[in-house]
Each structure stands twice: as structure tokens, then as C-alpha cells.
Number of protein chains: 2
Amino acid sequence: MHFEELIKTIKERRDTLKVTQDTLAQLSGVGLRTLKQFESGKGNPTLQTLQKLADVLGLQVSLKLKSTPAKR
Amino acid sequence: MHFEELIKTIKERRDTLKVTQDTLAQLSGVGLRTLKQFESGKGNPTLQTLQKLADVLGLQVSLKLKSTPAKR
DNA sequence: CAATAAAGAGCACAATAATGCACTTTGAAG
DNA sequence: CTTCAAAGTGCATTATTGTGCTCTTTATTG
């Protein structure tokens with residue numbers, strides 16, 4: 001999952017839950033500006049920020065093995 | 001997956017591939033200091049940094065639905 | 001068209017992540 | 001105990017994220 005997909009996932013999930021950026025910002029404790037920047041593709045959030053958002057949305061940040069190996 | 005698990009995953013994967021912090025730092029383009037801090041649990045990397053590391057390790061950052069819903 | 005709600009952006013600043021360098025600690029092997 | 005490699009840490013600096021405030025842009029609804 002690259003950047004854009006992560007953003008898309010967050011956005012879609014937020015839409016599904018019918019939550020506005022403003023509300024999500026408040027619930028997660030992340031600044032509204034920060035969330036806006038992230039969702040509009042202009043951010044590079046810290047892991048902590050991403051997790052705060054994911055948590056509230058019922059999502060989980062995870063690391064999984066890629067099907068296509070990268071090394072060698 | 002919370003912070004510690006992510007760190008553990010990175011570390012274990014790096015060990016599995018028999019790569020040192022130094023080498024991973026070079027391959028990923030992430031500063032050695034940054035990687036050290038992250039692995040020792042003292043960092044809060046940006047998503048970009050995490051992805052650089054994950055990429056080289058053949059791992060993928062992803063967002064998945066939590067089994068236990070968070071919102072109501 | 002007017003009004004309202006939600007999302008996106010410019011500006012500026014504080015907080016902190018990223019980084020390099022040098023030094024210490026740890027662990028494995030002789 | 002000594003040596004060597006890998007990992008961890010203190011310090012200082014630079015680059016960038018996080019944030020609030022204000023304003024603009026987009027729908028959406030009468």
C-alpha cells in the first residue's frame with residue numbers, strides 16, 4: 001500500500017462512518033489542519049499521527065510481507 | 001498493530017534478511033541515526049521513512065479493518 | 001441567487017523528526 | 001580478558017511536520 005492508497009483508505013473509511021474531517025480531528029486529537037493536509041495528499045504524517053486517525057476509524061496500521069520480494 | 005509491534009516486525013525482518021542497521025540505512029536512504037532511534041523505540045518516524053524501510057525489507061505498510069470496531 | 005456545511009490552502013510559528021559525529025554498551029569469538 | 005562488529009545514546013543543527021487562524025473553493029439545499 002503506498003501513500004495514495006493509505007489516504008484513500010482513510011478517506012473512504014471516514015466517509016463510510018459519516019464523519020467529517022472536523023469531527024475526526026477532534027476525536028483523534030489530531031489537528032484539523034494536519035488531517036486536511038494529509039487527506040489532500042500534501043502531508044507526510046508521523047506514524048503516531050497516522051495511528052491516531054486509524055484508531056478512531058477502527059483501522060489498524062500494519063506491516064505485511066509483500067508478495068513481490070524487494071531484496072534481490 | 002501498535003508501535004512496538006511495528007518495530008518488532010521491522011527488526012525481525014531485518015534479522016531474517018541478515019542485514020545490519022547500517023546496511024538497511026544505506027539501502028533505504030534513511031539516516032542511520034533515524035533507523036537506530038526507531039528500532040530502539042525512541043522514534044516517531046514519518047510515514048515516508050517507515051515506507052522506505054519497509055520497501056527495502058519487502059514489507060508493506062497497510063491499513064486494515066480492526067476486528068474490534070472502535071467507533072460505537 | 002443566497003445560505004450553509006465541508007474541504008482545501010496561504011501564512012507563520014512552535015515542536016520535533018532526520019541526520020551526522022563521536023562515544024558507550026553489548027554480544028560473540030578467540 | 002581482548003578484539004571486533006553491531007547496536008544504542010548524547011549533542012547540536014537543519015529540515016519538516018503539526019497546528020491555529022483566516023480565507024477560498026465546492027457542493028448542497030432552499
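Here is the naming used below: chain letters follow the sequence lines, and residue numbers restart at 1 for every chain.
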(request) For B/Gln37 and D/dG10, give me the distance from atom CD to atom C1', rounded to whole Å. (result) 10 Å
(request) Could you tell me the separation between the CZ atom of B/Arg14 and the P atom of D/dA6, rounded to a whole number of Å? (result) 10 Å
(request) Using atom CD of A/Gln21 as one end and atom P of D/dT25 as the other, report the distance to the nearest whole Å. (result) 17 Å
(request) Taking all non-hydrogen atoms of both residues into account, name the closest pair between B/Ile7 and B/Gly41 and its distance. (result) CD1-CA, 3.7 Å
(message) Please determine whether a side-chain nitrogen or oxygen atom of B/Thr20 lies at a distance below 4.0 Å from atom OP1 or OP2 of D/dA5.
(response) no
(message) Ignoring hydrogens, what is the shortest heavy-atom contact between A/Ala54 and A/Val61? Give both atom names and the distance.
(response) CB-CG2, 4.2 Å
(message) Given 3.5 Å as the limit, does a donor-acceptor pair link the side chain of A/Gln51 with the main chain of A/Gln48, or not?
(response) no
(message) With a cut-off of less than 4.0 Å, is there a side-chain N or O of A/Thr34 near OP1 or OP2 of D/dT19?
(response) yes
(request) Take the protein atom CG of B/Asn44 and the nucleotide atom P of D/dT17, then report the distance between them rounded to whole Å. (result) 12 Å
(message) With heavy-atom distances below 4.5 Å as the criterion, would you say the side chains of A/Arg13 and B/Leu65 are in contact?
(response) yes
(message) Do B/Leu53 and B/Phe38 make a side-chain contact, defined as non-hydrogen atoms from C-beta onward lying under 4.5 Å apart?
(response) yes
(message) Which heavy atom of A/Ala25 sits nearest to which heavy atom of A/Gly31, and what is that distance?
(response) CB-C, 4.2 Å
(request) Starting from the 5' end of DNA chain C, give me the residue, B/Gly43 or B/Lys36, whose nearest nucleotide shows up first. (result) B/Gly43
(request) Find the distance B/Glu39:CD to D/dT9:P and express it as a whole number of Å. (result) 12 Å
(request) Check for a donor-acceptor pair, side chain of B/Glu5 on one end and backbone N or O of B/His2 on the other, with a separation under 3.5 Å. (result) yes
(message) Below 4.0 Å from chain B heavy atoms, what is the first contacting nucleotide of DNA chain C and what is the last?
(response) C/dA17 to C/dC21
(message) Tell me the interatomic distance from A/Leu32, atom CG, to D/dG18, atom C1', rounded to whole angstroms.
(response) 12 Å
(message) Using heavy-atom distances to pick each residue's nearest nucleotide on DNA chain D, tell me which of B/Lys42 and B/Thr46 is more 5'.
(response) B/Lys42
(message) Distance check needed: D/dA6 C1' versus B/Arg33 CZ, whole Å only.
(response) 15 Å
(request) Could you state the atom-to-atom distance from CG of B/Asp22 to P of D/dA5 in whole Å? (result) 12 Å
